[in-house]
Amino acid sequence: MHRLEQLNPEQRRAVEHGDGPLMVLAGAGTGKTRVLVNRIAFLVRRGVQARDVLAVTFTNKAAAEMRERLRELLGVAAQRMWIGTFHATCARLLRLHGERIGLPSDFTIFDDDDQRRILSTLLKGKGLDDQVTARTLATQIDRYKNRGEDPMDAAGGWGDDILREIYPLYRDQLARESAVDFNDLLLKVLELARDEEVGPHLAARFRHVLVDEFQDTNRVQYRLVRHLSQVHGNLCVVGDDDQSIYSWRGAEPRNLLDFGRDYPDTAVVKLEQNYRSTQVILDAANAVIAQNRDRHEKALWTEIAGGEPILWEESDSERDEADFIARAIKGLVSAEGRTYADMAVLYRTRAQSRALEEQMRRYDIDYRVVGDISFFQRREIKDTLAYLRLLLHPNADSCFERIVNVPTRGIGKTTIERVRGYARRANIDLYEAARAGARGDVGALSAGPRKKLAAFVDIIEGLRDVLAAGASVAELIIQTVERSGYREWLEKQDTPEANDRLSNLAELVSMASDFDDETDGEGTLVEFDARVSLWSSVDTSDGRSDGAVTLMTIHAAKGLEFPVVFLCGMEDGLFPSLREREGGDLMDAMEEEVRLAYVAMTRARERLVLSNARTRRQWGEIRINQPSRFLDLVPDHCMAVRARPAPRPVRSYLPEPGGRSWSRRGQRQRADRSARGAQYDELDQRTYDDDMPVYHADAESGVGDEGGRRRTPGRSGARLRAGVDAGDGPEAGSMVSHASFGTGRVLESTGSGKGRRLLIDFAGVGLKTVLARFVEPA
DNA sequence: AACGCGGATCTTTTT
DNA sequence: GATCCGCGTT
């Protein structure tokens, strides 16, 4: 059996810490996972039962990797450990104990797509769908649930009335369908924790609890962890407050920063030796993160002195930027003998991948996009799962509605409405009502629709027989795709997309086969469904990149490392994003952007290339962006002179220590704290809807000269416009007419060119936002 | 009831 | 530019 892997003194201290709370502050690249894995191995060798160890990771992929490494160290014992994400762990606990709080053990898990669908249906049912989008509502609900609060307590805020009207319906529907959403998984376990019987059991269940990425836990997760470690008091948290990048979904870095307050006798270990990056890269990353206040002071250091200087390349457009990156990749392969797998291109937003992908293809570079729309989010996959879920839970109305006419089998709106009406009157679920309809019990249905409903019911009943006959999960899926007519339907379409969908379904079948093998045929449909629900896009890509360049968002790159990292789209407004966030302080938002930059830079082992584009197409509009303020923070000695654009005034965005924090807009602040005589400018006040420099999309020629000019103080925000000004259309106050909404008065106009939008008060219709090109002066 | 098209929205990040 | 939704047409 292996001995403990090579460890430095701090790592060893963390690994060999005995009982009691332990906090490991682990900077980027300091061997955090190694400590975690070795600590678990250490504990088990000291006599702790594998089944009494709970390790919580951030992603399923991280869990799988941890389990694999433990298997290498400990053998089969690793299989008995509880290793998983918060959500997966909670799902497992709920399968065991959920019935205690009224949750059937075969509950299904609804992802946010399912969630949104239900909310959307409910909103439409109440005629509120023109007021709030399902997405907004879902975000709102999650915000409460992330904090462990009841959405029904929402009051006073904008849209809270609607929230309170819809949420109970949503909650009831989930209960009726034996389903939980992501947040419920955690909240229901908290509920269990309060149960007089199960609660104490859970508190004592695990001898050791270890939590990775602790800076990204939310309040509910924190309470969970507290409870689960309550009796034995062996809680080990590992994290880095500088890498907290998920506060937008409720993560509270305070959980880490204040850990010592809740656990006064905590042993603290700081890991500061970085084994990943060169000195140059660390210097740059440290300089960036140093901007933030309120952090555990850490000083990352490395023995890898010097290193290649950081490159900064500025391009004219996002296309040129992608072209530069593609050529640089080729160049690094031929000049330095790098492989594609050595390299990653990181970006702030998903949308940026398109231009990159185009150039990768053009230069014939193998690439893969991580976190692309999840396999399991694809329509054909979700449709198939909806069939399966309806088998398990005939009362799952949302599943019924999803697939009753997919593939199209002639069951239209009116028929469904009638079935729905019958269901409501008889107080039964939709599937039951459809059966009644097929039997002819629903008076309003004529022979045609009745037959069609009967055909659908036959499909479901037939599949239920297959399930009852003890078919494997793979077999069940094959039968579903066949009997539902899905395969035939797609084959008949014979389009590239339809063929894609077919191969996705084939892939689902083979995943199910793997599942069947893995569980010796004992795995149930419920278990397979649960696994699929919790398996996200990031997890889907297996760690190996098979000789391809990796393209991904910075968020997806957390925890990974590459010899060469390209960080593109370094532009103010894009990165940092500076997008207004609901209810968030702009200062906090900026600090998170800084951390994001820190995370991105510290992914690089040897080479870091930064790039920005002067112009970028966004929402079909061309925008002129200034280089990111983050570029200014990179110390001169780290940067290759050649690539660095001409010097310009340095901006500093942080107020004086102790000074006012950022206000949202309209206030000018000065902060001459930079050594280089910084000049604060108004950049921060820019938002997406006001005076962004914009010009007409159809006048490409204007970009080169004007866009390349450096911003100088006092000239900011000039609007460039090529061609005639006439494209602008009506101003606020004027009367206009619209083909479908009639006449109305313009209240506000935003954007320009093709994308110019008007907020119009239409007589009898109300407020609408309309594209300017669709109205005429009245 | 299926299909096509006009129109609005989207883009920050995900278990 | 892509996608998604609703509406009008067949």
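Note that the structure is a prediction, hence the values are computed from the model and not measured. Reminder, nothing fancy here: chain letters follow the sequence lines and each chain counts from 1.
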Nucleotide [N], atom [atom2] - distance to [atom1] of [X] in whole Å:
{"X": "F58(A)", "N": "dT13(B)", "atom1": "CZ", "atom2": "P", "answer": "15 Å"}
{"X": "K124(A)", "N": "dC4(C)", "atom1": "NZ", "atom2": "P", "answer": "13 Å"}
{"X": "L551(A)", "N": "dT13(B)", "atom1": "CG", "atom2": "C1'", "answer": "17 Å"}
{"X": "R116(A)", "N": "dT15(B)", "atom1": "CZ", "atom2": "P", "answer": "14 Å"}
{"X": "K558(A)", "N": "dT15(B)", "atom1": "NZ", "atom2": "P", "answer": "10 Å"}
{"X": "H87(A)", "N": "dT14(B)", "atom1": "NE2", "atom2": "P", "answer": "14 Å"}
{"X": "Y347(A)", "N": "dT11(B)", "atom1": "OH", "atom2": "C1'", "answer": "13 Å"}
{"X": "D216(A)", "N": "dT14(B)", "atom1": "CG", "atom2": "P", "answer": "12 Å"}

Among side-chain atoms of Q215(A) and E213(A), is any donor-acceptor pair under 3.5 angstrom?
-> yes
Side chain of T85(A) only, please: which of dT14(B), dT13(B), dT15(B) is the nearest?
-> dT15(B)
By centroid distance (under 5.5 Å) and plane angle (under 30°), are F86(A) and dT15(B) in a stacked arrangement?
-> no
Heavy atoms under 4.0 Å, any strand shown: does T133(A) hit a base, just sugar-phosphate, or nothing?
-> nothing
Touch class at under 4.0 angstrom, heavy-atom based, for R135(A) against every strand present = sugar-phosphate
Given [N], is OP1 or OP2 found less than 4.0 Å from the side-chain N or O atoms of [X]?
{"X": "N405(A)", "N": "dA2(B)", "answer": "yes"}
{"X": "T414(A)", "N": "dA1(B)", "answer": "yes"}
{"X": "T57(A)", "N": "dT15(B)", "answer": "no"}
{"X": "T415(A)", "N": "dA1(B)", "answer": "yes"}
{"X": "R350(A)", "N": "dT14(B)", "answer": "yes"}

Is it true that K145(A) and D184(A) have a side-chain N and a carboxylate O under 4.0 angstrom from each other?
-> yes
Earlier contact from the 5' end, DNA chain C, for R354(A) and K413(A) | R354(A)
R95(A) NZ/CZ over F107(A) ring centroid, <6.0 Å and within 45° of normal = yes
Is the NZ or CZ atom of R350(A) both under 6.0 Å from the centre of the six-membered ring of Y347(A) and within 45° of that ring's axis?
-> no
Counting only N and O atoms by type, is there a donor-acceptor contact under 3.5 Å from the side chain of R219(A) to the main-chain atoms of G250(A)?
-> no
Atom P, compared across dC4(C) and dT13(B): separation rounded to whole Å = 15 Å
